[in-house]
Amino acid sequence: IACPPNATVNANASCQGSIGVLNAVSLSDNCNPSPTVTQSPASGTVLTGHNTAQIVTLTANDGNGNTSTCTLTVTLKDITPPSITCPPNATVNANASCQGSVGVYSAASLSDNCNPSPTVTQSPASGTLLTGHNTGQIVTLTANDGNGNTSSCTLTVTLKDVIPPSITCPSSITVNNNGSCTAAVNYTTPVGLDNCIGQVTLQTAGLASGSNFPIGTTTNTFQVSDQNGSTATCSFTVVVSGEVTY
């Protein structure tokens, strides 16, 4: 009797598999053209656990009190990748330098048929810096069951500017009209600041620096807006006093 080659059985969802019916690849006897063959352990024997090996013996019996055996090894193999689900997409608040770090992200669900605790790696690693409002980074979580099977999922981490811009106006100004209907007034035009580049400053009320301001009080208002839609305002007055000389 000659046994077939060593065999593998694929592990199921419970990390188990059954030994099948194994037939001799050659069988002969000098007196009995059809010796009986028995298998031990029998087909249907359950194996549990990746790489669990079972020696199977085939015994040929010629019915005349003579037997012969051969052996092969049947090994259970885990070929099922683990299952992993990523958490929802995440945001990171930008700091004063318009930067933020990728955090540590844990799988929302994780399971495997053979390993109750697959390892999980993250790429890019926590601490990776993001720069600039709305900068997005795809983060990949990879589960490894230790048996050569991996599975991965992704989420997107986005840097968000949540710090409002700032703006400072000059002090209020009082001038004399010197007998005219108006007075030319120059001032330092305020420019807004923000932690992230891209802010826009607009004058929403009053007159620009260098304009001829009428007698009375003119309120000048400036607004700065950042890329996230946050705004800040400041105001100051220009007072032109005096009488008109005709």
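- No donor-acceptor pair under 3.5 Å is formed between the side chain of Gln199 and the backbone N or O of Ser166.
- The nearest pair of heavy atoms linking Ser235 to Thr221 is OG-OG1, 2.8 Å.
- Leu130 is listed as a side-chain neighbour of Val157, based on a closest heavy-atom distance under 4.5 Å.
- Between atom OG1 of residue Thr233 and atom CD of residue Gln223 there is a gap of 6.5 Å, rounded to the nearest 0.5 Å.
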Enumerate donor-acceptor pairs with a distance under 3.5 Å from any side-chain N or O in residues 113-120 to protein atoms, sequence neighbours excluded.
unit_1	atom_1	unit_2	atom_2	d
Asn113	ND2	Asn12	O	3.0
Asn113	ND2	Asp78	OD1	3.2
Asn115	OD1	Ser117	N	2.8
Asn115	ND2	Asp145	O	3.1
Thr119	OG1	Asn144	O	3.4

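- Pairing each heavy atom of Thr85 with each of Cys153, the nearest pair is C-SG, 3.7 Å.
- A side-chain donor-acceptor contact under 3.5 Å links Ser172 to the backbone of Thr237.
- When all heavy atoms of Ala24 and Ile1 are compared, the pair lying nearest together is CB-CG1, 3.6 Å.
- Cys196 contributes atom SG, which lies 9.5 Å from atom CD of Gln99 (distance to the nearest 0.5 angstrom).
- The side chain to side chain donor-acceptor pair (under 3.5 Å) check on Asn220 picks up Gln203, with sequence neighbours excluded.
- Considering only residues two or more places apart in sequence or on other chains, Ala53 meets the side-chain contact (heavy atoms from CB on, under 4.5 Å) condition with Thr73, Thr75.
- Listed by first and then second residue, the ring pair (Phe, Tyr, Trp, His ring centres under 6.0 Å) pairs that reach into residues 160-205 are Tyr187-Phe236, sequence neighbours excluded.
- Residues Leu22 and Leu72 are in side-chain contact: their nearest non-hydrogen atoms beyond the backbone lie under 4.5 Å apart.
- Counting non-hydrogen atoms of other residues, nucleotides and ligands closer than 6.0 Å to CD1 of Ile55 gives a total of 12 or fewer.
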- Query: So Asn51 and Lys77, side chain to side chain donor-acceptor pair (under 3.5 Å) or not? Walk me through it.
  - Reply: CA-CA 5 Å; Asn51 272 345; Lys77 290 290 186 180; 2.5 Å; yes

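- The structure places CD1 of Ile163 at 11.0 Å from CG of Asn228, a figure rounded to the nearest 0.5 Å.
- Annotation: the span from Phe213 atom CZ to Leu207 atom CG amounts to 4.5 Å, rounded to 0.5 Å.
- With sequence neighbours left out, the side-chain contact (heavy atoms from CB on, under 4.5 Å) criterion links Val46 to Gln16, Ser18, Thr48.
- No donor-acceptor pair under 3.5 Å is formed between the side chain of Glu243 and the backbone N or O of Asn177.
- Here the CG-OG1 distance, from Asp112 to Thr80, works out to 7.5 Å after rounding to the nearest 0.5 Å.
- With contacts defined as side-chain heavy-atom distances shorter than 4.5 Å, the pair Ser230/Ser225 does not qualify.
- Residues Thr154 and Cys86 approach most closely at N-SG, 3.4 Å, considering heavy atoms.
- Scored by the side-chain contact (heavy atoms from CB on, under 4.5 Å) test, Thr45 finds Ile19, Pro41 as partners (sequence neighbours excluded).
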- Query: Going through the checks in order, is the side chain to side chain contact (heavy atoms under 4.5 Å, CB included) test met by Gln227 and Asp161?
  - Reply: CA-CA 8 Å; Gln227 297 179 79; Asp161 175 20; 5.7 Å; no

